[in-house]
Amino acid sequence: MRTETFPLTNASPGTSRTLTRHIWGAEGQRPKVYLQGALHADEMPGAITLWHLMELLDAAEGEGRLVGEVSVVPFANPIGLTQWVHNKPQGRQDLETMRNFNRYYPDLAALVGDGLETRLGDDPEENTRIIRAAFAEALAAVTPKSETDEMRIRLMQWSHDADIVLDLHCDHVALMHFYASSARPDLTDLLGRATGAKLALIEDISGGNAFDEAHSAPWTALRARYGERFPIPAACFSATVEYRGQNDVNDTLAQADAAGLITFLGAVGAVSGAPAPAYPPAPQRPLGGAGEAFAPQGGIVTWARAPGDEVTAGEAIAWVSDPVARRRMAVAAPATGLLFRRELWPNCLTGQSLCNVAGETILRQGNLLSD
Ligand SMILES: [Zn+2]
């Protein structure tokens with residue numbers, strides 16, 4: 001293993017922050033896999049999974065089983081990690097701008113612009129190399145406007161040329177699930193069977209250019225633009241993996257989840273000697289089919305159903321009690337399908353989002369991610 005650091009430009013006199021990645025395998029070996037945790041800096045399930053994964057990678061390297069190059073950035077967001085407000089971690093949004101740390105990544109296809117016109121040829125592998133080099137040049141040419149902006153660009157300078165990018169997150173109270181594009185159904189299937197995720201939410205453009213999509217969408221965009229003249233593969237599979245809920249942080253779960261990641265790394269050829277994927281495939285649903293239920297009034301939320309339950313559109317899945325008006329109202333399931341996540345807080349304001357149910361029918365379009 002080797003370690004690289006990148007000091008961020010200090011935003012304020014007397015302060016300094018550093019991005020750190022640990023790397024297993026020889027530089028340039030393929031497949032190149034990039035994993036990061038805690039981009040939302042208040043989400044520790046992915047970060048503790050990476051802690052245990054790093055031990056498994058040490059062992060694999062010690063036994064000569066590292067075939068590809070695996071990068072791990074266990075704490076991708078040193079800015080967010082320091083954001084505690086009134087004794088609570090506030091790691092999802094940048095407190096300076098209240099912008100989500102997992103949005104606004106650079107659009108690599110737009111950044112390379114017309115520059116590929118004269119460089120691409122007939123060989124898809126050569127085109128992949130040319131495009132990755134163009135991404136690197138484009139990222140190097142960006143002048144960051146802020147420390148957070150710089151962090152986004154530096155992370156992508158480490159990840160833009162990876163074959164596989166996994167961004168490890170968690171939800172509030174949830175089943176293990178992940179978000180991926182439709183570009184590589186073979187790897188979507190493998191990721192589910194290796195990790196035991198219970199649901200794959202599929203969408204090509206979710207809105208906001210989250211970290212995972214910033215790696216998969218450019219290949220689709222470039223294929224749409226140049227694909228009739230030059231062969232361009234879907235050269236990066238990326239996914240946001242939600243390691244259950246915010247409080248699902250323990251070594252037993254994390255060791256099992258790290259073993260799932262080693263299984264995945266084995267299945268894609270990054271390590272040898274890993275066990276074969278043994279979980280059933282994760283059911284795939286369109287992200288636009290993830291119906292959202294909203295609070296009919298403010299009050300106390302009690303749940304009749306739990307993440308993991310199959311529910312029917314219209315059935316009462318929770319209650320909101322207003323003890324002042326002495327009125328209790330039902331929360332209706334927004335779709336027929338799998339209740340896969342709900343909010344953490346047992347109190348709510350009128351109109352707040354309370355949970356999501358993954359159905360088969362598209363209910364929503366446009367900007368599909370909550371901020
Ligand atoms: Zn997150």
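One-based numbering, in listed order, for ligands and for the atoms of each. This structure is a prediction, so every number in the text was calculated from the model and none was measured.
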How does the hydrophobic cluster around Leu95 look, that is, which other residues are in it when side-chain heavy atoms under 4.5 Å mark a link? Val85, Met98
Sorted by chain and residue number, which protein N/O/S atoms are under 2.8 Å from the Zn ion (ligand 1)? His40 ND1, Glu43 OE1, Glu43 OE2, His169 ND1
Do Phe75 and Trp51 have their ring centres less than 6.0 Å from each other? no
Non-neighbouring partners of Ala325 that pass side chain to side chain contact (heavy atoms under 4.5 Å, CB included), sequence neighbours left out: Asp322, Arg327
Pro185: partners by side chain to side chain contact (heavy atoms under 4.5 Å, CB included), with sequence neighbours left out: none
Joint cluster assignment, Ile205 & Leu201, ILVMFWY side-chain distance < 4.5 Å: no
With Asn356 as reference, evaluate Arg341, His177, Glu292, Arg342 under the side-chain hydrogen bond (donor to acceptor under 3.5 Å, both in side chains) test and give the passing residue. Arg341
